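Inspection log for the structure reproduced underneath, given as structure tokens.
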Amino acid sequence: MKFKIKNDTAAVKEDQVDPHRQMVSVAVALPVHDIFTYSVPDHLIPQACPGKRVLVPFGRRTVTGYLMGPATTMDPPEIKHILDVLDATPLFPETLIPFFRWIAAYYMHPLGQVISTALPAGLNLTDVAILTIGDAGRQAMRLPSLSPLEAIVLSALVQGPADIKQLQKTIGQPVSWALIHAMRQREWVRVDRQIRGRQIRPKSIRWATVSGTEAISDRLSRQRQRIRDILRTEGDLSLPALKARAGTTPALIREMEKAGQVRTYEQTIYRDPFGDPIEPDSPPRLTTEQAAAIKAMAPLLGRGFKTVLLAGVTGSGKTEVYLRMAETALDRGLRVLVLVPEIALISQTERRFRARFGETVAVLHSGLSRGERYDQWRRIAGGKATIAIGARSCIFAPFGEVGLIIVDEEHDASYKQEGGLSYNARDLAVVRARHHGALAILGSATPSLQSWHNVTVGKYETAMLSRRVNRQPLPAIQTVDLSHIRDERGIHRYITPQLQQAIGKTLDEGDQALVFLNRRGFAAFPVCADCGQAIRCNNCDISLTLHKRANAFRCHYCGFSRAAASNCPSCSSEKIRLLGVGTEKIEEALVQMFPQARVARMDRDTMSRKGSIVRLLKDLKHRRIDILVGTQMVAKGHDFPGITLVGVVCADLTLNFPDFRSGERTFQLLAQVAGRAGRGDKPGKVILQTFNPDHYSIVSAKEQDFKSFFNQEIGFRKALGYPPFSRMVAVRISGKNPKRTAGHAGALGEHCREMLARSGSGPGRIQVMGPIEAPLSRIANRYRWQILVKSPDPNGLHHFVHRLVRCHHGLPDARQIKVAIDVDPFFLM
DNA sequence: AGCACGCCGACT
DNA sequence: GTCGGCGTGCTC
């Protein structure tokens with residue numbers, strides 16, 4: 001959608017400004033940290049209220065801004081008028097603004113961009129410069145004095161007007177503004193500004209209703225009479241519905257309307273994202289444990305901010321507890337926000353909320369089209385929905401007030417947004433609950449270390465569910481020690497005889513098997529082939545990563561390095577092997593092993609299209625697949641009663657992952673996987689292949705005992721000063737030129753050391769690790785470096801990083817080098 | 001981000 | 001001498 005705007009008289013001189021004119025502050029949707037003051041022209045004053053988008057002149061451009069409220073700075077150098085108000089009703093409530101501000105400060109991100117990421121995508125308008133060739137330009141093409149570049153630009157523009165980006169693409173080289181200005185001055189080209197941006201608008205549909213008196217019916221044709229009868233007996237119908245019912249044509253309706261026999265009207269509708277209707281369900285009987293948990297939590301609703309960690313083993317019925325709590329909250333007139341992990345397709349939790357609460361539920365997840373997402377957003381903002389459920393971005397749902405925030409599977413890594421505004425929706429859930437004085441419930445069978453630590457220090461309350469709803473025992477986990485079979489070759493290296501046998505038995509019984517592998521092909525890490533020990537960093541106790549160019553194993557936290565040719569530090573063996581198997585290899589092996597079985601694979605490579613996931617899940621459900629190979633993608637959010645066996649090819653892939661959270665992730669993954677098997681009436685079985693059967697992560701996962709895991713892991717974190725005993729910030733430095741990027745990273749590191757020298761060492765001391773080349777040293781032609789900053793004192797850390805960013809902007813190459821700040825990083829690759 | 005202004009090298 | 005590259009600063 002394009003339209004032209006008049007860009008005149010936008011600026012007014014200070015002395016002309018009416019002192020009574022309304023002044024507002026606006027955050028622009030650009031990477032700019034300041035907030036700007038604009039005046040509102042009289043005709044827009046009634047519409048200008050916080051939470052709406054506005055179109056504002058900004059420099060020489062016109063951009064989208066967000067109206068934040070009355071102006072705060074009183075004497076800016078120049079004040080311009082708002083050009084337009086883009087929304088009839090606010091996109092977000094005013095009460096969310098402090099929350100947005102908090103996020104901007106905590107994650108060190110421009111406020112306007114925080115709001116842009118929060119809102120449904122596709123709402124921003126910006127203008128672009130459009131170049132059009134003039135008559136003088138056409139004639140100039142014949143001039144001999146024409147420069148080569150001018151000739152190319154002109155001949156490109158003869159094809160039609162273009163913006164600068166299009167132009168650069170067609171001619172394949174950069175075009176400078178200086179050149180364009182020169183051409184404009186000679187009147188060869190014209191430069192116009194055009195507003196652009198995918199406009200999403202409310203959708204409306206036309207309805208028909210009877211009008212006129214009963215009497216006219218006598219003289220009508222049979223068809224017209226029929227239409228009036230239908231409308232009279234069935235009530236107003238939408239035109240599509242009427243067409244389906246009576247076979248009307250649009251032309252006929254128009255004629256009838258002209259004749260006053262029917263009347264039509266527009267009504268806004270919400271695009272329906274709910275494909276299959278979901279049957280309403282009736283609440284099941286609660287177990288004693290569930291009832292106790294609800295009894296403990298329900299009184300907390302509406303009594304101010306509180307966080308409860310709901311720890312319940314897999315299959316213990318956490319969802320039912322959420323549903324009852326939501327119901328109680330709604331009964332008391334409170335709004336409810338539910339976060340679920342991002343998974344392939346729709347989650348079970350989401351289905352159950354919709355089944356229980358029907359129309360009052362709005363959903364926000366990645367499976368929706370832009371229009372649907374916008375409609376769902378408006379239903380929340382407009383008060384039509386009282387429950388919002390969705391993946392991480394749902395934390396921004398535009399409720400004015402919220403009484404209950406639920407985070408399902410709070411340990412899940414998908415709550416962390418990578419890139420751009422790198423927020424953690426689980427953490428934001430607690431922050432938002434505090435802002436609203438709401439109750440936050442974080443639920444998981446395998447709580448994150450962070451959250452359980454908050455329980456132990458008294459920040460969070462707890463509620464426990466220790467038994468499964470159906471009284472089924474947890475599936476038995478059998479570990480298979482991979483170090484005993486290191487001499488095996490070929491298939492049996494990955495699929496041990498024990499796993500093969502178990503799969504064979506499962507297939508014989510007509511059941512389905514799931515084979516897991518957390519494939520991270522690129523993360524090949526060194527393991528001793530003799531003793532099974534991972535090669536670790538002396539300083540960080542983190543697996544080292546192979547850097548091919550340097551032919552060395554490196555720690556990507558601190559930069560510690562060991563020659564790739566060195567011996568195993570614990571047993572001196574020379575046989576160091578790089579572990580790195582992929583799902584594809586496993587699939588191949590299984591097909592060879594079980595030629596008669598139907599094997600399918602599900603990972604990010606095979607599931608790029610939405611339709612393929614649906615098909616695969618349907619095939620699985622209808623038992624058209626015997627063995628499914630995949631990454632965690634398969635495990636999350638789907639229940640398959642036919643699956644009785646789960647095989648984990650190599651648990652060490654996550655265990656030895658070069659990350660301080662690898663033990664935690666392994667425990668969580670394995671315990672969740674174990675919970676997958678045997679959801680039907682048959683008990684489940686898990687075969688877990690590992691080089692480290694005695695590792696506490698694996699032993700605790702076998703018992704589904706997160707407390708025993710926590711007790712061991714927390715000591716390790718404390719000793720090395722990792723979260724939750726410190727906060728971390730990853731400073732990611734990237735650029736196209738390898739030398740400049742390295743130099744820039746070095747300069748920032750140098751600055752860090754200077755700042756450290758000045759600040760001295762106190763209890764809240766700051767540690768700097770790096771700069772080091774990122775393990776994935778080049779992505780999309782950008783060279784990547786990182787600096788990790790760590791401190792037990794969050795405020796000190798914040799200030800430190802702030803100063804570091806200022807230093808970056810002062811450095812000579814600041815324009816070509818990108819510095820991204822990741823507060824509380826999750827993945828350090 | 002995107003646009004303008006200003007400072008330097010290589011060409012008529 | 002100027003044309004046209006790129007580094008720097010600003011946007012209410």
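Model, not experiment: these values are computed from the prediction. Labels below follow one simple rule: chain letters A, B, ... track the order of the sequence lines, proteins then strands, and each chain is numbered from 1. Computed from heavy atoms alone, side chains included, the values below leave out hydrogens, waters and symmetry copies.
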### Query
Is a side-chain N or O of A:Ser25 found less than 3.5 angstrom from the main chain of A:Thr72, in a donor-acceptor match?
no

### Query
For the side chain of A:Asp127 and the backbone of A:Thr62, is there at least one donor-acceptor N/O pair under 3.5 Å apart?
yes

To the nearest Å, how far apart are [X] [atom1] and [N] [atom2]?
{"X": "A:Leu811", "N": "C:dG7", "atom1": "CG", "atom2": "C1'", "result": "14 Å"}
{"X": "A:Asn124", "N": "B:dA1", "atom1": "CG", "atom2": "C1'", "result": "12 Å"}
{"X": "A:Gln816", "N": "C:dG5", "atom1": "CD", "atom2": "C1'", "result": "14 Å"}
{"X": "A:Asp34", "N": "C:dG9", "atom1": "CG", "atom2": "P", "result": "15 Å"}
{"X": "A:Leu179", "N": "B:dC3", "atom1": "CG", "atom2": "P", "result": "15 Å"}

### Task
Under 4.0 Å between any heavy atoms, over every strand shown, what does A:Phe58 touch: base, sugar-phosphate, or nothing? Just pick one.
base

If you only use heavy atoms from C-beta on, which nucleotide in [options] is closest to the side chain of [X]?
{"X": "A:Arg60", "options": "B:dA4, C:dC10, C:dC12", "answer": "B:dA4"}
{"X": "A:Arg815", "options": "C:dG9, B:dA1, C:dC12", "answer": "C:dG9"}
{"X": "A:Trp177", "options": "B:dC3, C:dC12, B:dA1", "answer": "B:dC3"}

### Message
OP1 or OP2 of C:dT11 versus the side-chain N and O atoms of A:Lys80: is any pair under 4.0 Å?
### Response
no

### Any A:Arg193 side-chain N or O less than 4.0 Å from OP1/OP2 of B:dC3
yes

### Message
Under 3.5 Å, is there any donor-acceptor pair linking the side chain of A:Arg740 to the base of C:dG7?
### Response
no

### Query
With no angle test and no hydrogens, is the base of B:dA1 tied to the side chain of A:Arg61 by a donor-acceptor pair under 3.5 Å?
yes

### Query
Any chance the rings of A:Phe100 and A:Tyr66 have centres within less than 6.0 Å?
no

### Message
Centroid separation under 6.0 Å, is that true for the rings of A:Phe396 and A:Tyr423?
### Response
yes

### Task
Identify whether a stacking contact exists between A:Phe36 and C:dC12, where the ring centres must be under 5.5 Å apart and the planes under 30° apart.
no

### Query
Taking the nucleotide of DNA chain C with the closest heavy atom to each, which residue, A:Ser176 or A:Pro812, is nearer the 5' end?
A:Ser176

### Message
Looking at A:Tyr415, I'd like to know if the NZ or CZ of A:Arg426 sits under 6.0 Å from its six-membered ring centre while staying within 45 degrees of the ring's axis.
### Response
no

